[in-house]
Amino acid sequence: MAIWLMKSEPDEFSINDLKTKQRANWDGVRNFQARNYMRDMAQGDLVLFYHSSCKVPGIVGTATVSKTAHPDPSCLDPNSPYFDPKSTQESPRWVQVELTFESKFANPITLAMMKAMPELEGFPLVKKGNRLSVMPVADGYWAALQAL
DNA sequence: GCCAACGTTGGC
DNA sequence: GCCAACGTTGGC
């Protein structure tokens, strides 16, 4: 089983929204590297849910991949903020995965905490200028996070 | 194919 | 709200 980290702005879609819905399609990813990682996800993979662009950025809970990558319909919808004019019915370009809620942490693992951990040096999330919204979590980093 | 201009992300 | 970092676009 692989471990992933996915970012979301809580104003757009938060861990509470996922908890309420239980299942949700993770759409709107418009970055090729992030998309390629989503294609690599397998059924049952664990996802660390990260809140970005908010008061206290950090990992706030977990989810599992309940449906692997399939076309993201929002890229074909002219009324969607995620509309992509370069996508076509034959070649939609973008994918979504379906996540199922697993847990919400009583105490989030904040970005500040992670930046202070020497074990996480090299983890893309804590690198300066990181903007990747979907990333794999290597075993060593996962072990360090679990220790919390 | 290079690279400047521009837009977006995201922490602070 | 600011700004650094990075991805994308488009002219050449």
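Just so we're on the same page: letters track the sequence lines, and every chain starts at 1. Since the model is a prediction, treat every value here as computed from it, not as a measurement.
The CZ-C1' distance, from Phe32(A) to dT8(C), rounds to 9 Å in whole Å. For Trp94(A) and dT8(C), the CH2 to C1' distance is 10 Å, given to the nearest whole Å. We find that CZ of Arg35(A) is positioned 14 Å from C1' of dT8(C), with the value rounded to whole Å. In this structure, Leu132(A) atom CG and dG10(B) atom P are separated by 9 Å, rounded to whole Å. For Met6(A) and dG10(B), the CE to P distance is 13 Å, given to the nearest whole Å. Note: NZ (Lys7(A)) to P (dT8(B)) measures 17 Å, nearest angstrom. For the pair Arg30(A) CZ and dG10(B) P, the interatomic distance rounds to 15 Å; values are reported in whole Å. Here the P atom of nucleotide dG10(B) and the CD atom of Glu12(A) are 12 Å apart, to the nearest Å.
No hydrogens or angles considered: a donor-acceptor pair under 3.5 Å links the side chains of Ser74(A) and Asp72(A). Side-chain polar atoms of His51(A) and Glu9(A) form no donor-acceptor pair below 3.5 angstrom. Thr64(A) and Thr100(A) share no donor-acceptor pair across their side chains, judged by distance under 3.5 Å alone. With 3.5 Å as the limit, one finds no donor-acceptor pair spanning the side chains of Ser80(A) and Asp77(A).
Residue Lys128(A) places no side-chain N or O under 4.0 Å from the OP1 or OP2 atom of dG10(B). OP1 or OP2 of dG11(B) lies within a sub-4.0 Å distance of a side-chain N or O belonging to Tyr50(A).
Taking both residues in full, the closest heavy atoms of Ala34(A) and Val29(A) are given as CB-CG1, 3.6 Å, listed atom of the first, atom of the second, then distance. Across every non-hydrogen atom of Tyr50(A) and Pro57(A), the tightest pair is OH-CB, 3.5 Å.
Taking the six-membered ring where the residue is Trp, the centroids of Phe32(A) and Trp94(A) are separated by under 6.0 Å.
Nucleic acid contact class of Lys127(A) (heavy atoms, under 4.0 Å, all strands): none.
Under a cut-off of 6.0 angstrom, the local environment of CD in Gln146(A) is crowded, with over 12 non-hydrogen atoms contributed by other residues, nucleotides or ligands.
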Protein and nucleotides 1-7 of chain B: nitrogen or oxygen contacts under 3.5 angstrom:
none

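A salt bridge is absent between Arg30(A) and Asp84(A): the closest approach of a Lys/Arg side-chain nitrogen to an acidic carboxylate oxygen does not fall below 4.0 angstrom.
Five base pairs at each end of the helix from dG1(B)-dC12(C) to dC12(B)-dG1(C) define two local axes, and these are offset by 10° (rounded to 10°).
We find the CD-OG distance between Glu102(A) and Ser66(A) to be 11.5 Å, quoted to the nearest 0.5 Å.
Residues from residues 111-121 of chain A that place a heavy atom under 4.0 Å from any atom of DNA chain B, listed by number: Leu111(A), Lys115(A).
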Practice task
Might you work through the side chain to side chain contact (heavy atoms under 4.5 Å, CB included) test for Val126(A) and Met117(A), ending with a clear yes or no?
Solution key: CA-CA 10 Å; Val126(A) 298; Met117(A) 291 171 66; over 6 Å; no
